[in-house]
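Residue numbers start from 1 in every chain, and the chains themselves are labelled A, B, ... in the order their sequence lines are given, proteins ahead of strands. The structure displayed is predicted, hence computed values, not measured ones.
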Protein chains: 2
Amino acid sequence: MTTSRVTIKDVAARAGVSKGAVSLAFNHKPGLSEATRDRIFEAARELGWAPNLTARTLAGSRVDVVGLAICRPARLLGLEPFYMEFVSGVESVLIERNCSLLLRLVRNVEEEVGLQETWWRGRQIGGSILVDFRADDPRVGAVERLGMPVVAVGHPSLTGSLTSVWTDDATAVREAVRYLAALGHRRIARVGGAAALGHTAMRTAAFDEAARTLELAGAWQVTTDYSGEAGARATRSLLSAAPADRPTAIVYDNDIMAVAGLSVAAEMGLSVPADVSLLAWDDSQLCRLTHPTLSAMSHDVHGFGADAARTLFGAITGDGPGSHPVPTPVLTPRGSTAPPRM
Amino acid sequence: MTTSRVTIKDVAARAGVSKGAVSLAFNHKPGLSEATRDRIFEAARELGWAPNLTARTLAGSRVDVVGLAICRPARLLGLEPFYMEFVSGVESVLIERNCSLLLRLVRNVEEEVGLQETWWRGRQIGGSILVDFRADDPRVGAVERLGMPVVAVGHPSLTGSLTSVWTDDATAVREAVRYLAALGHRRIARVGGAAALGHTAMRTAAFDEAARTLELAGAWQVTTDYSGEAGARATRSLLSAAPADRPTAIVYDNDIMAVAGLSVAAEMGLSVPADVSLLAWDDSQLCRLTHPTLSAMSHDVHGFGADAARTLFGAITGDGPGSHPVPTPVLTPRGSTAPPRM
DNA sequence: AACGTTTTCTTAACCGGTAAAGTCCCTATT
DNA sequence: AATAGGGACTTTACCGGTTAAGAAAACGTT
């Protein structure tokens, strides 16, 4: 049984005023006596009325929805703790501003560009959070053309003139490699994320450079699709070399691959960290639940999401473009890293 | 540089027709000649126009957004593979209907009731997916009163007259216990989810009943908040009893707790499955990444989300209420279960 | 040729709000 | 007493579409 919709008119009639007055009251604007204001709120309460956001948006006021399009095959997404944690950080900020998140999975960047444009043109959103930047990302130009407020989650070198929120991945990679080298490792491998992503490229470059600087005897890099399966495959391949040639330490680009790596080591009869050290990335709760616990480049993903959301609100309310670094991931040694067996 | 907004008027002018004609064309309604239709689409293409969804919604057509409110502390959410996988399943259906998901975290059911009402009254959504039902859930009445199309994810006994999509948890629990008993286990424990949730209660009851029926020598149940930490705590407490008194098999209500349990066993020097068998629930990819791999009551969560979304569309387009069971979780034995050591 | 039907398109009234401009009345000032 | 200045509301014109009702042209019929 659908209650016939209550509109501003009904409230106005009930309170004995014009709909303009109701609008003024509900937007806390001056020009009404306390008495009338009360009468209006009372009437609205009695009728169970709340302003129709669609109409309000159309009439030109603010939109209290922000967009987030994620470009991953839907099946893979469920497996990435990163996004859910990121989203939960975003939500924690949205919730206190009474704002909602419009979430959409897209198949590729072009589709995302179209979607963002539709959202923006259609006034469906007040701004957007852009993630997963790649080199020469088409979203940069598109968003500039539209004049849409956004926060770009990615390194300034990828996000151009857009307001960005980013972590210093290069430094973090350097620190990870230095740490392993300091433990005595000379043959280090890295199981990277999706090659197309800008931050993967930056980490790859940083790893190369660190390997050269430290004059490592061996340095491998593989890229994957971030899935546990791919991480397992990569690990299996890395560890199947002869003991004298295989890496004694492996750095992973997320934690799910590190967990997979841990289990591959066990399956191959190698002990962690005695035979091989493993270092995870992002550090969700997962890293503390394995045995041995996983050392990780720890990163407050939840806080990262919250920062992104806050920065987006800044952009929506007119802050100029800016670059907002968030804390660099810090090395959190746990049970999966140790000096190599001599 | 904001491109001045292109509206239906501009397109109409350019095509030399009235805006009504443009509307007809874009809604594929009869009453226009092929030639005019083409001219209109051509004009729209040239101007890069797409209908403003806000205006379209206001004018009374359908809303292409569905709502999902999740009631968990934001921090916890990131850790639950279930939701992300469920959401990705929902998205996989939405995407092909060009629909978006409005996601919001709420603190409690009352807040959710208010939110759903605001969304619906404000025509922000065309329908909603309701999750995490509890006994005497206030959403049932509220939604009926509003006449809003929804799909309730939960057992019919909890969702009343609402269209529901559900798994037969009781049967699954029974199967899990029977399986362990068949392996020879006589002391079985269950680490359950949040006590307030309806399906937790149903599983608890089913476990009790199964234990009675099978005349188990020992049966424990604990409820937690679904977090890995809580799972670890519970496991530690269960396993710290004297060998002759402690459970030889533990069933978990999700997979993250099972992973945590696995690591606690290792930390306590117990071997899995020789000393204790572990059985996970939901079975995300995680279960195949541990060592030993985790046996699980496997459940296609992605498909579950997709089914829920499809059912919601049915409800939106006028299908009457109905109850849609999805396949019962099936036992997937892997490395973490075996007969108990005698 | 006159007349009813279709087909094709236009007009105009909403949808439910917002906001600028206008009205009315009451008080203070000169 | 006339005038200016506010406060408290109301009017009215949008926002950008949809849709029912109306009008003009094309067509078939007798």
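Thr163(B) is linked by a side-chain hydrogen bond (donor to acceptor under 3.5 Å, both in side chains) to nothing, counting only residues two or more places apart in sequence or in another chain. Legend: residues meeting side chain to side chain contact (heavy atoms under 4.5 Å, CB included) with Glu96(B), ordered by chain and number and at least two apart, are absent. Contacts of Thr7(A) classified as side-chain hydrogen bond (donor to acceptor under 3.5 Å, both in side chains), with partners at least two apart in sequence or in another chain: none. For Thr118(B), there are no side-chain hydrogen bond (donor to acceptor under 3.5 Å, both in side chains) partners, not counting sequence neighbours. Residues satisfying the side-chain hydrogen bond (donor to acceptor under 3.5 Å, both in side chains) test with Ser100(A), not counting sequence neighbours, are Arg104(B). Applying the ring-ring contact (aromatic ring centres under 6.0 Å, His included) test to His155(A) and every residue at least two apart in sequence or in another chain returns Trp166(A).
Rounded to a whole Å, the CD atom of Gln124(B) is 12 Å from the P atom of dG17(C). To the nearest angstrom, P of dA8(D) lies 12 Å from CD1 of Ile40(A). Atom NZ of Lys29(A) is separated from atom P of dG17(C) by 15 Å (rounded to the nearest Å). Whole-Å rounding puts the Asn27(B) CG to dA20(D) C1' distance at 15 Å.
Residues in residues 10-32 of chain B take part in these salt bridge (charged side-chain N to carboxylate O under 4.0 Å, His left out) pairs, two or more places apart or across chains: Arg14(B)-Glu46(B). Within the structure, every pair that satisfies the salt bridge (charged side-chain N to carboxylate O under 4.0 Å, His left out) test and touches residues 107-117 of chain A, not counting sequence neighbours, is listed here: Arg107(A)-Glu111(A), Glu112(A)-Arg139(A), Glu117(A)-Arg121(A).
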Can you tabulate the close N/O pairs, meaning under 3.5 Å, that link protein atoms to atoms of nucleotides 22-27 of chain C?
none

Donor-acceptor contacts under 3.5 Å from residues 303-320 of chain B side chains, at least two apart:
| residue | atom | partner | partner atom | Å |
| --- | --- | --- | --- | --- |
| Asp307(B) | OD1 | Arg310(B) | NH2 | 3.3 |
| Thr311(B) | OG1 | Asp307(B) | O | 2.7 |
| Thr317(B) | OG1 | Phe313(B) | O | 2.9 |
| Thr317(B) | OG1 | Gly314(B) | O | 3.1 |

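Taking the screw axis at each terminus of the helix from dA1(C)-dT30(D) to dT30(C)-dA1(D) from five consecutive base pairs, the angle between the two is 60° to within rounding of 10 degrees.
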Scan nucleotides 8-16 of chain C nucleotide by nucleotide, 5' to 3', and note B when protein non-hydrogen atoms come under 4.0 Å of the base, S if they reach only the sugar-phosphate, - if neither. BBBB---BB

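Across all non-hydrogen atoms, the minimal contact from Gly154(A) to Thr159(A) is O-CG2, 3.6 Å.
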